[in-house]
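Written out below as structure tokens is the structure these notes cover.
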Amino acid sequence: MMMLCRPGLRYGASPLRRDAPDRRSRLDRVIVRCLALRSRRRYTQHGSSRWLHRLAERRNALAALTPDQRKAQRIALAQHMRHTSVSEACLDEALAMACLAAQDTMGLTPRANQCLAARAMLHGNSVEMATGEGKTLSVALAASAAALSGTPVHVMTSNDYLAARDASALERLYHGLGLQVASVVSTQEPAERRRAYTADIVYTTAKQVAFDWLNDALQSGTESDSLRSRLGVLVCPPSRGPFTPLLRGLCLAIVDEADSLLVDEARIPLVIARAQKGGATSDAEAVVALGLAEQLLEGTDYIVQTSHRTVQLTDAGRAELTRLSENIAQLWRSSRYREESVGQALTALHGFVRDRDYIVRDGVLELLDGHTGRVLPDRRLPHGLHRMLELKERCRPSGEQETIASMSFQQFFRRYVALVGISGTLQEVSGELHHVYNCLIVPIPSHRPSRRRELPVRVFVNRSAQLQALVEAVELRHARQQPVLICTRSVEQSLGVSATLKAHGLSHQLLNAYQDAQEAQIVAAAGQAGQITIATNMAGRGTDIALGGGVAELGGLHVVSLAFNDARRLDRQLAGRAARQGDPGTFQAMPALDDPFLVDAMPALAGKLAYVLARAGWHGSAMVMVRLAQRRLEWRHLQQRQALYLSRETLERQLAYGGRRHPLS
């Protein structure tokens, strides 16, 4: 059973988990996972048929009551859960009320698998639920039942648009249960965000709530579990104190697209920074560093390691750099300063590529998420590297920043008293989620059997052959008006595919970081007859692709993946965009061996073997080499996340031994 808590005397004004989830031994983890496999039967429609029958009976009994009687029962249930421990029977009753409210206020009858998903989350499990199966409503049901107990609920989505959209779309459901809902987005002022956080259920992004909590911790610096903090709830409410925090603690988080936030984003630190003085001097030094870097020769003076986005100076490069800096300012005659500054400049020039790692829009440089292709607003590279990139692209300066506080997503999410998530792809990272967050994964069966057909893989030796085959395939399907969704990894690749289709007279919609404002409209239309859509991996996250009239008879949506992705989960996400909710659809992977991401990930010998196999037409064997490179990359990223996890954990132990309990530790 999930632990539910609320601000008050017992948990303090801002409840949060002070003790990190237990690190289990390997044997403990194996035993727990074996028990989890046995318990999963209760969440299948066959294994939980009796529970579903009881839920339907309770919902029908509530439907037979008058509105006033239902309201009285809801108020009595909420008061009971807020003043006593929350039992499974109480949560089932609350879930039945939420299902009936969805039907009464929105005309939506929750399906069996949506009820099972909500039940699994209320029991403290994360849920794997196929794309298109109604995760949004499942989350709403779980959030409603938890909020009726008085627990503040944070529902975290991928971006501000989805947070505002879902809060608005589900407002009638929550109001029907007497609950308040709000959205917190980056454009709001602090006072507006503070009001929004007082709602029972708050839709927001992980980045936004993490930064708001960091700011609260920096300004308060108090222990939320202290007696003074607890009594302050009764004696001096937070709104009357000298400092009014934005949040009411970290009680319960329901994370949508949990694999993206809990795993992919785990390596990215959350940093609070402020403007640093001396920008003009820094700019002048950066210009000199870029000028020196442009005079060095690749292969002779430096070596580019693209996979790590680093550049290493050679001995010849150091000697050449010493010669070039003889006649400039005294500062540049320091070998350490000179080599570090020019190393940063070389990284900006050769380690980061426009339209792959960042875009330039309206004179502003914006970083891109390597997994989704989305823009990362307000995110900057550290140690002056961001300003180097701005000078390289002749963008407006954003000013140097100095770090005030830093925290990883891993560290932040482990502060929640209760943490659950939902996504279409969690099985591949189930072990990591259990180890770091003490979270078990429950797969929920689809409402209808999948009708997706996965066509044989085709591996091409280069992008030219790949694009030629793509045009032929698109022309064939477009002639019979079957919609096609072409998935790319980078903005650069999407622009190249778009230019190729234009040259062959194929009209299409393009979706990448430059068109992120139109994402929902473009994705929603991707299933219409005759529609051709090119998109980076950002497409389809949170927006359903409905098939147009007569499209099912044509074979449904055809999805083509041209990208090499860092993880098998991302391939499954792409395939999941076809054949949703039992609709027909097809998927085909068409990678090219000269894809820069694949070249960096694949060992040289494996790359040569894959080339020979692809040339001979043995596409399946060539794909084995690609999968091996993908596994190698998954392992590398896992090692990086574990290193970050262990370093943070070591720091926390050291602070505890020293008697310090900093709010950010």
Side-chain angles (χ1 to χ4, degrees), residues 128 130-131 259 263-264 305-308 356 370-373 423-432 443 450 452-473 485-490 493 496-497 536-537 558-579 585-642:
E128 179 175 288
T131 305
D259 55 330
V263 177
D264 296 335
Q305 297 177 327
T306 311
S307 58
H308 295 86
R356 188 193 74 180
H371 296 283
T372 65
S423 180
T425 48
L426 287 177
Q427 287 295 332
E428 292 87 346
V429 292
S430 59
E432 183 177 357
S450 175
R452 181 173 61 249
R453 290 191 303 116
E454 296 198 12
L455 304 181
V457 172
R458 298 182 65 185
V459 181
F460 300 92
V461 295
N462 53 47
R463 282 192 178 183
S464 177
Q466 179 194 52
L467 291 176
Q468 182 179 350
L470 174 68
V471 169
E472 293 173 359
L485 174 62
I486 304 168
C487 299
T488 64
R489 171 158 175 167
S490 65
Q493 187 180 21
V497 174
T536 56
N537 288 350
H558 178 60
V559 178
V560 181
S561 173
L562 304 181
F564 168 76
N565 292 302
D566 291 355
R568 291 163 291 164
R569 291 180 295 106
L570 300 178
D571 292 334
R572 281 214 292 144
Q573 287 171 6
L574 298 181
R577 292 170 191 171
T586 51
F587 172 78
Q588 186 172 32
M590 300 173 60
L593 294 177
D594 64 348
D595 185 321
F597 295 100
L598 179 55
V599 171
D600 292 338
M602 186 178 290
L605 182 60
K608 292 178 181 178
L609 181 57
Y611 180 85
V612 172
L613 293 171
R615 285 289 298 267
W618 294 358
H619 298 282
S621 300
M623 194 63 185
V624 171
M625 298 294 104
V626 176
R627 293 298 183 202
L628 288 175
Q630 193 176 51
R631 294 290 184 93
R632 184 168 177 258
L633 202 55
E634 285 178 336
W635 175 255
R636 182 192 301 169
H637 290 167
L638 175 61
Q639 294 297 105
Q640 292 173 354
R641 293 192 297 268
Q642 285 182 342

Step by step, would you call Asp566 with Arg636 a side chain to side chain contact (heavy atoms under 4.5 Å, CB included)?
CA-CA 10 Å; Asp566 291 355; Arg636 182 192 301 169; over 6 Å; no
Please tabulate, for side-chain N and O atoms in residues 459-468, each donor-acceptor pair with protein atoms closer than 3.5 Å (sequence neighbours left out).
from   : atom 1 : to     : atom 2 : distance (Å)
Asn462 : OD1    : Ser464 : N      : 3.3
Asn462 : OD1    : Ala465 : N      : 2.8
Gln466 : NE2    : Leu562 : O      : 3.3
Gln466 : NE2    : Met590 : O      : 2.6

As an exercise, state the distance from [atom1] of [X] to [atom2] of [Y], rounded to the nearest 0.5 Å.
X      : Y      : atom1 : atom2 : result
Phe564 : Asp594 : CZ    : CG    : 13.5 Å
Met602 : Lys608 : CE    : NZ    : 13.5 Å
Leu570 : Asp259 : CG    : CG    : 7.5 Å
Phe587 : Arg453 : CZ    : CZ    : 13.5 Å

Carboxylate-amine/guanidinium proximity below 4.0 Å for Asp595 and Arg489:
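A salt bridge is absent here (no side-chain N lies under 4.0 Å from a carboxylate O).
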Return the minimal non-hydrogen interatomic distance between Ala614 and Ala622, and the atom names on each side.
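Smallest interatomic distance, heavy atoms only, reads N-CB, 4.0 Å.
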For Ala575 versus Arg452, what's the shortest heavy-atom pair and its separation?
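The pair with the smallest heavy-atom distance is O-CD, 3.2 Å.
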Partners of Gln639 by side chain to side chain contact (heavy atoms under 4.5 Å, CB included), sequence neighbours excluded?
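If we apply the side chain to side chain contact (heavy atoms under 4.5 Å, CB included) test to Gln639, skipping adjacent residues, the hits are Trp635, Gln642.
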If the condition is side chain to side chain contact (heavy atoms under 4.5 Å, CB included), which residues does Arg568 pass it with, not counting sequence neighbours?
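Side chain to side chain contact (heavy atoms under 4.5 Å, CB included) check on Arg568 returns Glu428, Gln630, Arg631, Glu634.
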Considering residues, nucleotides and ligands other than Arg632, do more than 12 of their heavy atoms fall under 6.0 Å from its CZ?
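Counting other residues, nucleotides and ligands, CZ of Arg632 exceeds 12 neighbours.
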Would Asn565 and Gln573 count as a side-chain hydrogen bond (donor to acceptor under 3.5 Å, both in side chains) here? Give the steps.
CA-CA 11 Å; Asn565 292 302; Gln573 287 171 6; over 6 Å; no
